[in-house]
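Convention: sequence-line order gives letters A, B, ...; per-chain numbering from 1. Note that these values count all heavy atoms, side chains included, but never hydrogens, waters or copies made by symmetry.
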Amino acid sequence: MSVNYNVLGLIFASMHDSYVSELTKQRTMGSIPFGGRYRLIDFPLSNMVNSGVYEVGVITKSNYGSLLDHLGSGRDWDLSRKKGGLHLLPPYSQTGGIYKGRLDALNNVWSFVEHSKAKYVILANCDVVTTIDFTPVLKQHTDTGADITLIYSKGIYDSEKNSCATILDFNSENCLSDVLVDPQISGECNMWLDMLIISKEFLKKIVSEAASRNQYSFTREILQGKMNEYKIMGYEHKDFFTRIDSVQNYYIANKMLLDTQKRNALFKKNIPVYTKIGDNGPVKYGLESNIKNSLIADGCIIEGTVENSILFRGVKVGKGTVIKNSVILQSTKIGDNCSISSIITDKCVEISDDKVLTGSETYPLYIGKNGRI
Amino acid sequence: MYTKKKCVAMLLAGGQGSRLYALTKNVAKPAVPYGGKYRLIDFPLSNCTNSGIDTVGVLTQYQPLVLNEYIGNGQPWDLDKMNGGVHVLPPYETQAGASWYEGTANAIYQNMRFIERYNPEYVVVLGGDHIYKMDYSKMVDFHIANNADCTISVIDVPRAEASRFGIMICDENNKVTDFVEKPKEPKSTLASMGIYVFSWDKLRKYLIENENDANAKRERGEKWSKDFGKDIITSMLRDKQRLFAYEFEGYWKDVGTLDSLWEANMDLLSPSVPLDLYDPSWKIYSRNNYMPPQYVGDNANIENSMIDEGSSIDGIVDFSIVFSGVTVEKDATVKYSIVMPGAVIKSGAVVEYAIVGSDSVIESGAHIGLDPEQVANRDDWGIAVVGHNVTVSENKTVAPKDIIGENI
């Protein structure tokens, strides 16, 4: 894909952080590790770069040390550029304090958006994991003359298990006809992927109007409030996606990657998902290792048994240890003869020899960063 | 403007590596894959960066496409520098005409202008086909402490193997008194590793002298050569220059042949071999190809192996090195073998004691290589090799020692 200077990408790195508060204690939604070697922001960033969008602003809120460390100059996403490139936009509110909602955040970074030569803007969050080409979305947006094109997918929504979901309905002309936030329903719905395309001109209009009325919620003021006034249309993304809206769903989303079909839908041949390079050695399997149905990232050294699990970079598993149904984040060290099932260990956890740790599939045990057991 | 550098490294990467046959058909030897995710040149380049040498000239000649693309701007090795960094130096044409590199010394001679831009005190000369982790800065310190003109890195080898190497004979202070290339009856077991530190003014003098002498001999129709070991070192010894041997302790392997390439890979699986690729203080860097983590399926059985990103394993992998993006299907077997990036081992295929090149396909029922125990006459046994981009059709056999460069 060549470069499309007509489009600017804006990524909200901290949207919905509070739903996974254990994981965002020391980081943003965007810097949550995912899928063995990635951070959540890698997916929207790679989607943009793979769609030719090489000018990207990342809107931060708080706790963004790990995010800055991950992104660096943007070189690993090919975003260390003279024209465009990666721009980190620190939090700052015109009204004092940290911004309250998407419109407020956009108002704060408007001088950056204004400076861009792009005609269109793509907005995305980090809590939706999917691989999408924005080129056909942009084409539909310009062909239909929509003011806003919302990207959604059909998915199963369960009010018991999901949170911060926006459910959309469209009329026969594919124009937005209803917007529900966390409704008390269950079943197949059109779930907004928190991604949209809008022209810069139109975005400027709604952001400045919202600022003058002291409004900050995009969903409430624009989608729900202006549904009949603006031409808001839908684009259905018919491919694998998952939303990280609770620690349990984080666990499930990681384990979904053990399904070959879903994994191949996220990691397509010749559409790379970029991430910060760790320069680890290949995975080393010992003489007594026994691995079944697992995703293993580089730099792991495995002497024991691993089943139905995700091992991030640089995890060490000792002899005689059995790990089942677990998500083990980077640089976790597990000693010999441990028995571990249904747990999530955050980064750099150390578990000494002979420990038994058991969570349940429906409520995995979470061990915080640098934990010692 | 060029800042003065204490040290400039010159990496000789032009060799054809003809004894690697099918593996170097379209690829220069330093770009040959090694160790699951590396290419041979990652070792000297990473050693340079880890030793604080940030200016490296890479001399290329044979099949440079893959190597040039791989080195790129040097960023994976931290060698994309405003001052210095890595520079690929191919042969070029001048007003006097065009000339290929006519030996290792001539390659450096033709690039003396590159070195002089940085006005270095010392020049480190390296090869691109050895596996080792070495702090060159310690060798430079040793060179300075001895007030040496040239320091040659040596390794103690078993006496039985000494006649395969260039052997240094030293006095009790490590001062080199004689040098013999591949002696029939070695007087010492200190083998040259092909790593030299020169004081630049001395190297410059001897490069020019060798060039003029060799050209004069050529005009007279006599035998001539322009090599480091044969010519530069020999001339310096003749002139009683200060040459010292720097003894290296650690893992070092020359991967000039298919057997040694296979062995050097297998060494990574041996707990007694001191080559740690997981040491955060001396990482070996390589260019990454952004693949997802490897997936190990329900039917997999992996033992004592190294496997890289993007691979999908559902068969047996035993004592093997498997590179990125490799597929080993259910009921396929890989034993004591090296499988290079992107290769596919189909269900029912067996690969043992073999090297399978990049992007090759071993179809169902094919059998590559053989366990030495199953070969009646030990002399008939050797590593079986399938080159890059080769398809081995269903039920075909590649016997031990066979080297396949085309589809069969």
Side-chain angles (χ1 to χ4, degrees), chain A residues 35-38 42 46 49-50 75-78 80 254 257-260 263-264 266-303 306-316 331, chain B residues 33-38 42 46 49 73 75-78 80 265 268-271 275-280 282-314 317-326 342:
Chain A
R37 68 187 298 247
Y38 304 96
D42 294 337
S46 301
V49 168
N50 289 330
R75 188 172 60 194
D76 286 320
W77 298 262
D78 216 6
S80 179
N254 271 288
L257 300 178
L258 299 176
D259 178 329
T260 298
R263 193 173 61 252
N264 290 345
L266 192 60
F267 305 113
K268 294 179 198 298
K269 219 177 172 165
N270 302 326
I271 304 183
V273 179
Y274 302 101
T275 189
K276 184 181 174 183
I277 297 307
D279 291 299
N280 297 296
V283 180
K284 193 165 186 178
Y285 296 97
L287 275 167
E288 290 154 46
S289 71
N290 187 359
I291 321 293
K292 303 277 181 235
N293 192 38
S294 293
L295 204 59
I296 318 274
D298 266 20
C300 288
I301 300 179
I302 304 174
E303 307 267 8
V306 180
E307 286 178 21
N308 307 319
S309 296
I310 315 291
L311 268 56
F312 285 64
R313 288 168 172 173
V315 170
K316 290 194 172 73
S331 306
Chain B
Y34 169 79
K37 72 181 306 180
Y38 309 97
D42 289 333
S46 301
T49 294
N73 67 349
Q75 184 267 320
W77 305 270
D78 231 0
D80 53 332
N265 276 280
L268 291 171
L269 303 174
S270 162
L275 180 66
D276 182 4
L277 298 176
Y278 302 87
D279 174 8
W282 203 276
K283 281 190 176 183
I284 302 302
Y285 302 102
S286 62
R287 189 172 284 279
N288 195 283
N289 43 16
Y290 296 95
M291 287 200 178
Q294 58 196 268
Y295 174 72
V296 181
D298 276 325
N299 307 298
N301 195 340
I302 304 174
E303 266 179 40
N304 201 37
S305 293
M306 277 166 78
I307 303 181
D308 196 33
E309 289 166 327
S311 286
S312 180
I313 311 293
D314 206 22
V317 178
D318 214 1
F319 279 85
S320 293
I321 304 284
V322 175
F323 286 73
S324 65
V326 167

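- Considering only heavy atoms from C-beta on, A:Ile296 stays 4.5 Å or farther from B:Pro293 through its side chain.
- Contacts of A:Ile277 with chain B are made by side-chain atoms alone, with heavy-atom separations under 4.5 Å and no backbone atom involved.
- The side-chain heavy atoms of A:Ile291 and B:Glu303, taken from C-beta on, include no pair separated by under 4.5 Å.
- Using a 4.5 Å cut-off between heavy atoms, B:Asp279 makes no contact with chain A at all.
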Next item on the list: Would you sort out whether B:Leu269 and A:Tyr285 count as a side chain to side chain contact (heavy atoms under 4.5 Å, CB included), showing the intermediate values?
Entry: CA-CA 9 Å; B:Leu269 303 174; A:Tyr285 296 97; over 6 Å; no
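- Taking chain A as the reference chain and counting heavy-atom pairs below 4.5 Å, the highest number among B:Tyr38, B:Tyr285, B:Tyr295 is found for B:Tyr295.
- Using a 4.5 Å heavy-atom cutoff, the side chains of A:Val273 and B:Tyr290 are not in contact.
- Between chain A and the options B:Pro292, B:Gly36, B:Gly35, heavy-atom pairs under 4.5 Å are most frequent for B:Pro292.
- Heavy-atom distances place the side chain of A:Tyr38, and not its backbone, under 4.5 Å from chain B.
- Rounding to the nearest 0.5 Å gives a distance of 5.5 Å between CG of B:Asp80 and CZ of A:Arg75.
- Interface remark: B:Ile313 contributes no atoms to any contact with chain A (heavy atom separation under 4.5 Å).
- Across A:Asn290, A:Leu287, A:Asn308, the residue that shares the most heavy-atom pairs under 4.5 angstrom with chain B is A:Leu287.
- Under a 3.5 Å cut-off, the side chain of A:Lys284 and the backbone N or O of B:Tyr278 do not form any donor-acceptor pair.
- Heavy atoms closer than 4.5 Å to chain B are found nowhere in A:Ser46, neither backbone nor side chain.
- With respect to A:Asp279 and B:Lys37, no salt bridge is recorded, no charged nitrogen being found less than 4.0 Å from a carboxylate O.
- Summarising the geometry, atom SG belonging to A:Cys300 is positioned 12.0 Å from atom CD1 belonging to B:Ile307; distances are rounded to the nearest 0.5 Å.
- The part of A:Phe267 that comes within reach of chain B is its side chain, from C-beta onward, which places non-hydrogen atoms under 4.5 angstrom from that chain.
- Heavy-atom pairs under 4.5 Å with chain A were tallied for B:Lys283, B:Met291, B:Glu309; the largest tally goes to B:Glu309.
- Contacts with chain A were tallied for B:Asn304, B:Ile284, B:Leu277; B:Asn304 has the most, counting heavy-atom pairs under 4.5 Å.
- Here the side chains of A:Asp298 and B:Asp308 are in contact, with some heavy-atom distance below 4.5 Å.
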Notebook entry, point to check: Hey, mind stepping through B:Gln294 and A:Val283 against side chain to side chain contact (heavy atoms under 4.5 Å, CB included) and telling me if it holds?
Noted result: CA-CA 9 Å; B:Gln294 58 196 268; A:Val283 180; 2.9 Å; yes
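- How far CG of B:Asn301 is from NZ of A:Lys292: 5.5 Å, rounded to the nearest 0.5 Å.
- Heavy atoms closer than 4.5 Å to chain B are found nowhere in A:Ile302, neither backbone nor side chain.
- Residue contact with chain A, scored on non-hydrogen atoms closer than 4.5 Å, involves the side chain of B:Phe319 exclusively.
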